[in-house]
Amino acid sequence: MNPLRYRVVAMMCVLCLSFQAQLVRAQSSSITVQVDKPGGDISPTMFGIFFEDINFGADGGLYPERVKNRSFEFPEPLMAWKEIGRADSKGSVTVLEANPINANNSHYLHIEVERASAGFGVTNEGFRGIGVQLGESYTFSVYARNVAHAQRNGDALSVERNPVTLRIELEDENGRSLGKARITGLTTAWKKYAITLRPSATSLIARLNVLAEGSGAIDIDIASLFPKGTWNNRENGLRADLVQLLKDMKPGFLRFPGGCIVEGRYLKTRYQWKTTIGDLTDRRLIINRWNDEFKHKPAPDYYQSFGLGFYEYFQLSEDIGAEPLPIINCGMACQFNSSELVPLDELDPYIQDALDLIEFANGPVESSWGRLRAQMGHPAPFNLKMMGVGNEQWGPQFIERYQQFAKVLKKKHPEITLVSDSGPSPNDDRFNFLWSKLRELNADIVDEHYYMAPGWFLANSGRYDNYPRTGPKVFAGEYAAQSVGIASPNNKNNWECALAEAAFVTGLERNADVVRMASYAPLFAHVDAWQWTPDLIWFDNLRSYGTPNYYVQKLFSTNKGTHILPVLIDGSPKNGQQNLYASASLDKPSGEVVLKVVNSGASPREVKINLAGAKTVRRVGQAYVLASSDLKAENSLEGPTKVAPTKRPLTAASEFNYTFAPNSLTVLRIGSTFR
Ligand code: AHR
């Protein structure tokens with residue numbers, strides 16, 4: 001570089017640095033945490049998880065079955081399956097109903113092989129392909145029976161029962177073999193067979209072939225390919241990487257199974273928990289309500305096998321240390337769709353479902369539903385403490401139905417907290433009507449939903465500062481900033497949205513005496529099979545990642561503390577001044593003050609932190625910083641932690657300065673005692 005250019009560049013750098021320093025100084029503020037004035041407790045269930053089978057969240061996602069339409073129960077019974085024949089093989093495949101495994105699984109595949117040659121049968125495409133991993137083992141299992149086969153010898157037709165062998169093959173998208181195994185010894189009775197496949201390579205979009213060898217005929221049903229490496233290595237277990245992401249959040253609760261899926265488009269396709277438990281062969285498949293919800297995102301192959309059913313949801317809650325929160329249908333189908341209603345004098349079976357669910361979860365092993373739980377492998381109760389009545393209902397119709405449920409449930413199970421709801425919007429007439437009624441009824445906790453623009457979340461950080469302190473509590477049950485608009489397929493899980501949510505969540509935490517629970521929604525989305533965006537966690541057939549929004553939730557959830565501490569920004573409880581939002585808590589077990597600060601401005605912000613009333617302050621603390629200079633930044637399968645927290649040491653004192661990065665959420669943990 002020539003000397004003149006060098007001098008100009010150096011001068012510019014100096015100017016730039018001093019401008020930055022001035023900027024930080026000019027914008028300096030103070031945050032006072034009133035350490036000696038701990039307020040109400042923060043519920044252990046404060047931050048949790050909202051699970052719904054949307055975006056292939058269950059089948060094709062958390063439930064790691066690789067075969068789509070494994071039991072041939074889709075209305076188009078061969079959907080996902082295709083006939084294949086090797087060399088000059090000849091035969092036919094049909095879906096039959098005579099003598100099925102059982103009435104809930106009334107269809108099966110009949111393979112008739114006239115000339116087996118190198119193999120004749122079917123191939124399954126999986127859920128947008130089949131993910132298989134080198135080094136992992138997969139169990140292929142199938143119910144099968146050898147059946148009579150009409151054989152033509154010249155003009156004469158004879159009935160034979162030849163022994164047929166099944167050859168199970170995995171192959172990649174180019175038809176290269178990834179492994180095979182055989183099933184022999186079929187009898188004429190339905191029987192379950194299983195073999196293990198160890199793929200010779202990794203593929204995200206493999207396929208599975210089921211081929212008959214030898215001419216004859218067989219029936220097959222519930223053809224399954226399942227990884228052995230599930231969460232806790234359970235048979236019929238859940239996808240380990242996804243459960244790990246959930247567990248890492250240390251969630252206070254797990255809400256399931258939704259969401260609108262509870263309601264169904266029609267009452268006959270509502271979620272009925274009793275059809276989702278017991279042996280897999282007994283679980284009755286139904287359409288997924290997101291199958292045909294969005295014209296711009298049709299998913300004609302989206303059904304619910306219920307391999308992940310209510311038993312598994314309870315088990316998952318236990319595995320990740322979350323309180324189970326099942327939601328039951330209250331006699332209303334989705335009001336965005338059919339709005340079908342169960343007449344008030346016909347609600348009893350619905351209320352009985354709720355009572356039976358409590359018995360299934362908590363009843364002694366001598367009770368009928370408790371016995372079933374024990375038979376499924378869990379004699380100990382699941383300790384159910386809360387239940388949702390209806391999902392996102394509105395109008396007097398909901399209030400009337402809720403009242404009937406509450407009357408019975410409160411009498412028979414006063415120990416169960418009932419979750420009611422306030423409709424789909426956080427501030428319309430439906431919302432106001434429901435809240436006024438639920439207040440009159442002294443409901444336990446009311447679910448509020450917010451699918452709003454990022455600006456709304458910033459502007460509403462103080463939403464609960466003046467909420468009534470008596471009456472029903474708040475469950476911030478579904479929130480997600482929409483970068484474009486509600487249910488737009490162009491919404492992004494970008495840092496701008498996540499940061500706005502963080503500012504809002506400081507408001508939830510500041511008011512944790514009123515807001516007892518909170519969850520982002522929806523939870524999961526398959527990158528090739530989603531209907532709704534944004535979502536907290538994205539995955540493909542083998543990989544997964546948390547969005548910036550996930551890391552916001554995780555930072556709050558893993559740093560929640562036990563008691564609210566009052567916070568003042570520049571001496572005022574108001575948030576959002578100079579782009580600063582803050583909440584603080586005391587974590588009694590560790591004796592730490594936990595301060596969360598959002599700086600939604602584009603400049604660094606030096607802030608004087610004052611731990612008012614602190615007697616002692618540990619010098620060494622920790623800072624967790626989630627920041628990006630790019631508000632449009634997103635994480636992805638290839639860059640899963642582009643926006644992710646970093647941990648830094650912190651030098652603390654009862655008064656100290658801290659510079660909050662531009663566009664950041666920072667969590668400071670400081671050991672302290674107070675006067
Ligand atoms: O989270 C997606 C949907 O949004 C939920 O199913 C419903 O409760 C809300 O309308």
Side-chain angles (χ1 to χ4, degrees), residues 48-58 61-62 253-266 269-271 286-294 296-297 299 302 304 313 325-330 332-339 387-395 398 402 419-428 430-431 434 445-453 456-457 474-493 497 501 517-526 529-538 547 549-550 553:
I49 291 171
F50 166 97
F51 178 89
E52 175 168 19
D53 186 6
I54 185 172
N55 303 318
F56 283 65
L62 188 58
F253 65 89
L254 174 69
R255 170 182 176 148
F256 55 87
C260 293
I261 209 152
V262 172
E263 306 160 30
R265 284 173 81 84
Y266 306 97
T269 50
R270 71 189 187 277
Y271 199 100
I286 61 168
I287 192 168
N288 185 300
R289 59 100 64 239
W290 300 104
N291 177 309
D292 48 3
E293 178 69 14
F294 295 127
H296 58 270
K297 275 284 186 185
Y302 202 1
Q304 301 178 80
Y313 284 122
L325 169 54
I327 310 292
I328 44 156
N329 187 295
C330 65
M332 300 176 80
C334 184
Q335 289 164 283
F336 286 114
N337 304 133
S338 72
S339 295
M387 177 187 276
V389 177
N391 170 49
E392 197 180 62
Q393 327 299 157
W394 63 80
F398 171 61
Y402 171 76
V419 176
S420 50
D421 85 280
S422 55
S425 156
N427 47 13
D428 63 0
R430 294 178 290 208
F431 176 91
L434 290 169
I445 181 161
V446 180
D447 181 12
E448 298 190 358
H449 294 179
Y450 339 69
Y451 293 99
M452 307 299 274
W456 184 93
F457 283 90
V474 173
F475 171 22
E478 295 185 33
Y479 57 86
Q482 315 283 299
S483 62
V484 178
I486 182 160
S488 164
N490 300 318
N491 284 330
K492 301 286 182 225
N493 277 106
C497 289
E501 289 153 11
M517 299 164 77
S519 48
Y520 183 99
L523 178 64
F524 284 131
H526 188 300
W530 57 273
Q531 296 77 49
W532 179 297
T533 181
D535 305 286
L536 202 62
I537 292 169
W538 289 77
T547 57
N549 318 68
Y550 168 84
Q553 300 306 309

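Both ligands and their constituent atoms are indexed starting at 1 by order of listing. Just the heavy atoms: all of them, side chains too, but no hydrogens, waters or symmetry mates, feed the values below.
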Ligand 1 to [X] polar contact by distance, N or O atoms, under 3.5 Å:
{"X": "Asn391", "answer": "yes"}
{"X": "Cys260", "answer": "yes"}
{"X": "Trp290", "answer": "no"}

Query - Salt bridge flag under 4.0 Å for residues Arg255 and Asp447 - result: yes
Query raised in the report: Does Arg265 come within less than 4.0 Å of Asp292, counting only side-chain N to carboxylate O?
Result: yes
[atom]: nearest protein contact (heavy atom, Å):
{"atom": "atom 8 (O) of ligand 1", "result": "Glu478 OE2, 2.7 Å"}
{"atom": "atom 10 (O) of ligand 1", "result": "Glu392 OE1, 2.7 Å"}
{"atom": "atom 1 (O) of ligand 1", "result": "Tyr451 OH, 2.8 Å"}
{"atom": "atom 6 (O) of ligand 1", "result": "Glu52 OE1, 2.5 Å"}

Query raised in the report: Think Lys297 forms a cation-pi with Trp530, using NZ or CZ under 6.0 Å from the six-ring centre and within 45 degrees of its axis?
Result: yes
Would you call the rings of [X] and [Y] parallel, tilted or perpendicular if under 30° counts as parallel and over 60° as perpendicular?
{"X": "Trp532", "Y": "Phe294", "answer": "tilted"}
{"X": "Tyr402", "Y": "Phe398", "answer": "tilted"}
{"X": "Phe336", "Y": "Trp394", "answer": "perpendicular"}

Query raised in the report: Taking only heavy atoms of Pro522, which atoms of ligand 1 are found under 4.0 Å from at least one of them?
Result: 1 (O), 2 (C)
